[in-house]
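This report concerns only the one structure given below.
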Amino acid sequence: MGYSVGQVAAFAGVTVRTLHHYDKAGLLSPGERSPAGYRFYSDADLARLQQILFYRELGFPLEEIAVILRDPGADALHHLRERQRRLREEIARLERLAEVAEQAIEVQRTGVALTPEERFEVFGEIAFDLSYATEAQLKWRDSAAYREAMARARAHTKEDWRQLMNEAAAWRAELLAAFDAGRPADGERAMDLAERHRRHLGRWFTPCTPDTHRRIADDLAADPRAFALLVPPSQQRPGLAAYVSKAIHANASRRDGSRTDPEEHP
């Protein structure tokens, strides 16, 4: 006589529902029956369950476990190595997230001391998407320029932020006027506005080279969360993000041909 589903669930540390699910999925079905017709698990079934639980602990999906167990000649070592690679990638990702969480805690301790009311007063409609901020941390965390920008941002006072945002609002008004007037993105007016944006970043955060500005432009065009930091949704127009990106790229190409370094001559 083998083991009942309740007995197996108890000493395997799983639920009866899990065993029924494995049975229904064709992964593990009781191989013995009592004279009365009750189904029982054999020693071979328990050995198979042990394998299933081992692979499940490593994070294998049930479909992949079924493939491994279905063919005794299957290359289990290949599957294990592939899973090891994925686990190492996941560990690295979680470690980066832990670093971001640690940095976020530090920002809360030493960041700009603004109340919610003051934040709304200073930033208005401009809202920081935490998911975008987290991705930026992961993407740029090894960049010295990004670290400098964040350090300078944390050091800004309320009045610093107020002046910064006033400058940004004035620039944004001119940008919208140029766009609404149909000024070409690669024309002088749009490129001059792009250059002012680049210098604004250098003045308040970190020097912004033309190549860095190009990467920012690509982000603005590709990610609505990034563009919302530049132009709030209520002021956005269809095609505006692409317009700004094109103007920045045109200006960067113009700057590439200039001998004057605007970081030294603002």
Side-chain angles (χ1 to χ4, degrees), residues 107 111-137 139-140 145-146 149-150 152-255 262 266:
V107 168
V112 179
L114 295 182
T115 66
E117 293 78 11
E118 288 173 327
R119 287 179 182 271
F120 181 77
E121 174 192 345
V122 171
F123 295 107
E125 293 183 74
I126 300 294
F128 295 89
D129 187 303
L130 291 180
S131 66
Y132 177 74
T134 300
E135 290 174 18
Q137 287 269 16
K139 183 178 181 180
W140 300 106
Y146 178 80
M150 293 302 294
R152 289 185 62 187
R154 287 192 293 269
H156 287 340
T157 65
K158 177 182 175 181
E159 291 308 313
D160 289 334
W161 283 113
R162 191 191 304 278
Q163 183 180 347
L164 185 161
M165 295 304 293
N166 286 340
E167 287 182 11
W171 175 87
R172 192 161 53 246
E174 294 186 48
L175 168 71
L176 295 176
F179 180 80
D180 292 341
R183 296 290 189 91
D186 56 356
E188 289 292 324
R189 181 59 179 150
M191 286 193 292
D192 287 346
L193 285 167
E195 179 63 17
R196 279 175 51 188
H197 177 258
R198 190 174 76 91
R199 295 190 184 196
H200 175 84
L201 294 176
R203 184 163 54 254
W204 290 104
F205 300 103
T206 187
C208 180
T209 66
D211 280 342
T212 298
H213 210 202
R214 287 186 179 99
R215 291 195 293 271
I216 293 172
D218 292 340
D219 206 22
L220 292 173
D223 196 327
R225 299 170 302 174
F227 191 61
L229 293 174
L230 191 67
V231 180
S234 66
Q235 298 181 29
Q236 292 180 13
R237 281 91 155 132
L240 182 60
Y243 178 87
V244 172
S245 178
K246 185 175 179 180
I248 291 175
H249 273 277
N251 179 65
S253 296
R254 179 175 67 166
R255 296 309 313 170

N/O donor to acceptor pairs below 3.5 angstrom from side-chain atoms of residues 178-189, sequence neighbours left out:
residue	atom	partner	partner atom	Å
D180	OD1	R237	NE	3.1
D180	OD2	R237	NH2	2.7
E188	OE1	R254	NH1	3.1
R189	NH2	E174	OE1	2.4

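The minimum heavy-atom distance between A228 and Q236, with the atom names listed, is CA-NE2, 3.8 Å. Across all non-hydrogen atoms, the minimal contact from N251 to A194 is CB-CB, 3.8 Å. The minimum heavy-atom distance between W161 and A153, with the atom names listed, is CZ2-O, 3.5 Å. Nearest approach of V244 to F227, heavy atoms of both residues: CG2-CE1, 4.1 Å. In this structure, P210 and R255 approach most closely via the heavy-atom pair CG-CB, 3.8 Å.
A distance-only check finds no donor-acceptor pair linking the side chain of D219 to the backbone of I216 [under 3.5 Å]. Judged purely by atom type and a 3.5 angstrom limit, R152 uses its side chain to pair as donor or acceptor with the backbone of F205.
W204 CH2 to Q163 CD: the interatomic distance, rounded to the nearest 0.5 Å, is 4.0 Å. Expressed to the nearest 0.5 Å, how far OG1 of T157 lies from CD of E159 amounts to 6.0 Å. In this structure, OH on Y243 lies 14.5 Å from CG on L220, to the nearest 0.5 angstrom.
For D211, the side-chain hydrogen bond (donor to acceptor under 3.5 Å, both in side chains) criterion is met by R214, not counting sequence neighbours. Partners of S245 under the side-chain hydrogen bond (donor to acceptor under 3.5 Å, both in side chains) rule, at least two apart in sequence or in another chain, do not exist in this structure.
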Between Q235 and L240, is a side chain to side chain contact (heavy atoms under 4.5 Å, CB included) present by the stated rule, with each step listed?
CA-CA 10 Å; Q235 298 181 29; L240 182 60; over 6 Å; no
Please determine whether side chain to side chain contact (heavy atoms under 4.5 Å, CB included) holds for the pair I248 and R198, giving the CA-CA distance in whole Å, both sets of side-chain angles, and the decisive distance to 0.1 Å.
CA-CA 8 Å; I248 291 175; R198 190 174 76 91; over 6 Å; no
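Applying the salt bridge (Lys or Arg N to Asp or Glu O under 4.0 Å) test between E167 and each of R162, R172, R203, R196 identifies R203 as the sole match.
The shortest side-chain heavy-atom distance between T212 and Y146 does not fall under the 4.5 Å cut-off.
Between H197 and H200, the angle of the ring planes stays under 30°, which puts this pair in the parallel group of the 30/60° scheme.
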